Amino acid sequence: MSANSIQKANPGMKDAILQVDHLSMKFGGLVAIGDLSFTAKRGEITALIGPNGAGKTTVFNCITGFYKPSEGMITLNRNDGSSYLLERLPNHEIPARAKVARTFQNIRLFSGMTLLENLLVAQHNKLMKASGYTVLGLFGFSSYRKASAESVDLAKHWLEKADLVDRADDPAGDLPYGAQRRLEIARAMCTGPELLCLDEPAAGLNPKESAALNELLIDIKGTSGASILLIEHDMSVVMQISDHVVVLEYGRKISDGSPQSVRTDPRVIAAYLGVDDEEVEAVLTEVGDEDVIEQLDTGPDAAHGPGTSSSYLAGPVTDTVGHSSGERVTVAKGASKAGQVDARSLAAANKAVSLAAARAAKSTPPAKAKPASKAASKVSTGTSVKATAAAKPAAKTPATKAPAKAGEISNRLAAPRGGKADNLTRIKGIGTVNEKKLNDHGIFHFDQIGAWKKADVEAAEAYLAFDGRIAREEWVKQAKLLGQGKDTEFSRRVDAGKVATSHAAKPAAGKRGGGK
């Protein structure tokens with residue numbers, strides 16, 4: 001398949017510099033990467049994070065040609081409109097033709113050479129071409145003199161960007177560790193990359209050195225036209241400079257989005273900080289996910305879970321990864337803490353549907369009742385939740401309003417109007433767990449949240465253990481729009497199935513809001 005045919009088949013790829021589709025990497029019976037797909041946009045910093053052994057460096061090795069993936073496609077789209085399938089390119093052509101450069105976890109400088117010489121070595125292809133691949137450069141040909149001068153100027157430019165120009169003639173091995181990191185990045189930039197892959201650039205840096213690194217990476221993003229893909233464990237670096245974050249656990253993607261959305265994802269908290277259960281509980285308490293804490297209290301299955309020195313996958317996995325038949329990479333029971341959170345979300349969704357049905361049944365007068373129907377609700381694991389919807393009350397039967405006590409939300413209801421609650425997960429910030437909590441406190445409809453006053457918000461925050469989050473995420477504003485039958489960007493994502501929800505399907509047009 002040619003580069004042009006790739007772009008015509010995928011017109012949206014022009015906004016993505018890197019497209020990873022169904023990437024899998026197997027070492028014998030070990031699946032290090034399982035069916036991974038993500039996109040790195042042009043002009044952005046994309047971070048690839050996850051616990052040790054999640055497979056991050058394996059992904060980098062596949063992108064930069066050190067490994068040839070077992071399955072999948074890696075597409076690099078250059079600024080000139082050409083596209084390359086990296087898994088098909090010979091290793092040496094990935095930096096030369098696709099313009100991909102990388103650094104490594106361990107610094108790989110020529111310690112005996114000066115800083116300037118290290119950056120000139122990175123430009124040897126250009127200098128060799130100018131010399132005609134012979135000894136013509138020794139005779140001072142004008143073309144070689146020009147290329148040599150340009151190479152020196154480029155090297156000095158990046159030494160200045162890295163704040164190292166004053167030490168241009170010092171041996172690279174004499175630099176402090178943080179300066180060597182910046183020099184390695186400057187050397188990579190001398191190759192003129194369009195995609196710069198950095199493997200843990202902040203590893204071992206102190207806060208001052210991390211700040212200097214952040215400045216360099218932001219400058220590269222803003223002035224060089226290069227996009228950056230980085231692996232990093234230092235969250236102060238990731239959250240400050242990244243535009244997009246992809247999270248891996250046991251070789252599979254568990255979250256993909258902005259730094260703000262990823263940092264509050266319970267699955268990410270459980271997986272990325274989940275080495276110590278006590279630490280997980282402390283973090284989850286801060287974001288108010290008590291139900292997730294209850295799930296994590298059980299701990300992983302000791303017989304199959306990862307040990308203190310485990311790496312890659314714990315327990316047996318399927319030997320193949322299917323893309324269309326529904327087969328997925330599986331990890332031994334209890335090994336994936338993100339999987340525990342998914343399971344808890346599923347249980348919470350089941351319980352919420354059952355409670356809503358029970359309340360509706362109690363509030364339904366003994367009139368003509370329509371037969372119960374079944375609604376399938378899908379959560380992020382792809383598992384269907386089936387629940388029986390309660391019989392609808394007679395038309396124009398008003399819902400009973402629960403009396404408000406001090407410190408309670410004023411407009412609580414004993415049951416949802418008409419026996420059917422609105423899909424509150426269409427409000428950004430209300431997931432399936434928080435929807436259950438709201439339902440438990442008599443909040444079922446968008447117009448209830450849309451009518452909240454300051455006292456109601458404070459009462460809800462006390463229930464949900466959120467401090468100021470409702471105002472920050474504009475729950476009331478979102479609820480008012482949804483109550484009027486309008487959509488928000490987030491609600492459209494929920495309706496499209498891109499966000500986990502406890503409800504069966506997108507409501508019919510014009511019947512979404514308010515439960516009126």
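Computed from a predicted model, the values in this text were never measured in an experiment. Throughout, residue positions are numbered sequentially from 1 according to the sequence presented.
Counting all heavy atoms, side chain and backbone alike, I449 lies closest to L424 at CD1-CD2, 4.2 Å. For the pair L23 and P69, the tightest heavy-atom approach, listed with the atom from each and the gap, is CD1-CB, 3.3 Å. When all heavy atoms of G429 and N434 are compared, the pair lying nearest together is O-ND2, 3.4 Å. Taking both residues in full, the closest heavy atoms of L205 and P201 are given as CD1-O, 3.7 Å, listed atom of the first, atom of the second, then distance. Taking every heavy atom of both residues into account, D456 and E408 meet most closely at OD1-O, 4.4 Å. In plain terms, the two heavy atoms of W452 and A460 that are nearest each other are CH2-CB, 3.7 Å.
Between atom CG of residue D447 and atom CG of residue L482 there is a gap of 11.0 Å, rounded to the nearest 0.5 Å. Atom OG1 in T58 sits 5.0 Å away from atom CD1 in I33 (nearest 0.5 Å). For the atom pair CD (Q448) and CZ (R412), the distance works out to 10.0 Å, reported to the nearest 0.5 Å. Between L36 atom CG and I74 atom CD1 the span is 9.0 Å, to the nearest 0.5 Å. Of the inter-residue distances, the one linking E489 atom CD with K428 atom NZ reads 8.0 Å to the nearest 0.5 angstrom. Rounded to the nearest 0.5 angstrom, I49 CD1 and D234 CG are separated by 11.5 Å.
Of the possible polar contacts, none joining the S210 side chain to the A202 backbone as a donor-acceptor pair under 3.5 Å is found. Using a distance-only test at 3.5 Å, with no hydrogens or angles considered, no donor-acceptor pair links the side chain of S242 to the main chain of V245. The main-chain N or O of I443 is found under 3.5 Å from a side-chain atom of N439 such that the two form a donor-acceptor pair. For the pair E209 (side chain) and N206 (backbone), a donor-acceptor distance under 3.5 Å is present. No donor-acceptor distance shorter than 3.5 angstrom exists from the side chain of K56 to the backbone of E232, with no hydrogens or angles considered. Remark: the backbone N or O of G431 is not paired with any side-chain donor or acceptor of E435 at under 3.5 angstrom.
A salt bridge does not link D422 with R417: every distance from a Lys NZ or Arg NE/NH1/NH2 to an Asp or Glu carboxylate oxygen is 4.0 Å or more.
Between L48 and L230 the shortest side-chain heavy-atom distance does not fall below 4.5 Å. Considering only heavy atoms from C-beta on, L18 stays 4.5 Å or farther from T46 through its side chain. Residues L195 and L76 are in side-chain contact: their nearest non-hydrogen atoms beyond the backbone lie under 4.5 Å apart. In this structure the side chain of K453 never reaches within 4.5 angstrom of the side chain of V457, judged on heavy atoms. At a threshold of 4.5 Å between non-hydrogen side-chain atoms, the residues D15 and K41 do not count as touching. Contact check for F38 versus L229: side-chain heavy atoms found under the 4.5 Å cut-off. Between M189 and S224 there is a side-chain heavy-atom pair separated by less than 4.5 Å. Considering only heavy atoms from C-beta on, F446 comes within 4.5 Å of R426 through its side chain.
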**Request:** Check the pair Q105 / T57 against side-chain hydrogen bond (donor to acceptor under 3.5 Å, both in side chains), numbers first and verdict last.
**Result:** CA-CA 9 Å; Q105 291 182 19; T57 299; 2.8 Å; yes
**Prompt:** Between R252 and D35, does a salt bridge (Lys or Arg N to Asp or Glu O under 4.0 Å) hold up when you go through it step by step?
**Reply:** CA-CA 7 Å; R252 66 186 182 97; D35 201 15; over 6 Å; no
**Message:** What verdict does the side-chain contact (heavy atoms from CB on, under 4.5 Å) test give for V268 and R263, after you've listed the backbone C-alpha separation in whole Å, the side-chain angles of each residue and the deciding distance to 0.1 Å?
**Reply:** CA-CA 7 Å; V268 175; R263 73 189 303 171; over 6 Å; no
**Message:** Please determine whether side-chain contact (heavy atoms from CB on, under 4.5 Å) holds for the pair D495 and D487, giving the CA-CA distance in whole Å, both sets of side-chain angles, and the decisive distance to 0.1 Å.
**Reply:** CA-CA 10 Å; D495 295 340; D487 287 328; 4.2 Å; yes
**Request:** Any chance you could lay out the side-chain contact (heavy atoms from CB on, under 4.5 Å) test for I228 and L217, step after step, and finish with the verdict?
**Result:** CA-CA 8 Å; I228 299 175; L217 296 184; 4.2 Å; yes
**Prompt:** Does the side-chain contact (heavy atoms from CB on, under 4.5 Å) test come out yes or no for I185 and L196, once each step is laid out?
**Reply:** CA-CA 9 Å; I185 294 172; L196 177 63; 4.1 Å; yes
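For T39, the side chain to side chain contact (heavy atoms under 4.5 Å, CB included) partners are A16, Q19, not counting sequence neighbours. The side-chain hydrogen bond (donor to acceptor under 3.5 Å, both in side chains) test applied to S255 returns D265, not counting sequence neighbours. With sequence neighbours excluded, no residue satisfies salt bridge (Lys or Arg N to Asp or Glu O under 4.0 Å) with E200. Applying the side-chain hydrogen bond (donor to acceptor under 3.5 Å, both in side chains) test to D256 and every residue at least two apart in sequence or in another chain returns H244, K253. Contacts of E194 classified as side-chain hydrogen bond (donor to acceptor under 3.5 Å, both in side chains), with partners at least two apart in sequence or in another chain: R78. Remark: E458 engages K454 in a side chain to side chain contact (heavy atoms under 4.5 Å, CB included) (not counting sequence neighbours). By the side chain to side chain contact (heavy atoms under 4.5 Å, CB included) test, S37 pairs with H22, sequence neighbours left out. Residues forming a side-chain hydrogen bond (donor to acceptor under 3.5 Å, both in side chains) with R182 (at least two apart in sequence, or on another chain): none. Legend: residues meeting side chain to side chain contact (heavy atoms under 4.5 Å, CB included) with A451, ordered by chain and number and at least two apart, are N411. Under the rule for a salt bridge (Lys or Arg N to Asp or Glu O under 4.0 Å), the partners of D199 that lie at least two apart in sequence or sit in another chain are R102.
Using modelled atom types, one finds a donor on one side chain and an acceptor on the other under 3.5 Å when comparing N79 with R42. The closest side-chain donor-acceptor pair between S83 and N77 falls under 3.5 angstrom.
Residue R492 qualifies as enclosed at atom CZ: its count of foreign heavy atoms under 6.0 Å is above 12.
Counting only residues at least two apart or in different chains, salt bridge (charged side-chain N to carboxylate O under 4.0 Å, His left out) contacts with residues 211-228 comprise K161-D219, K221-D243.
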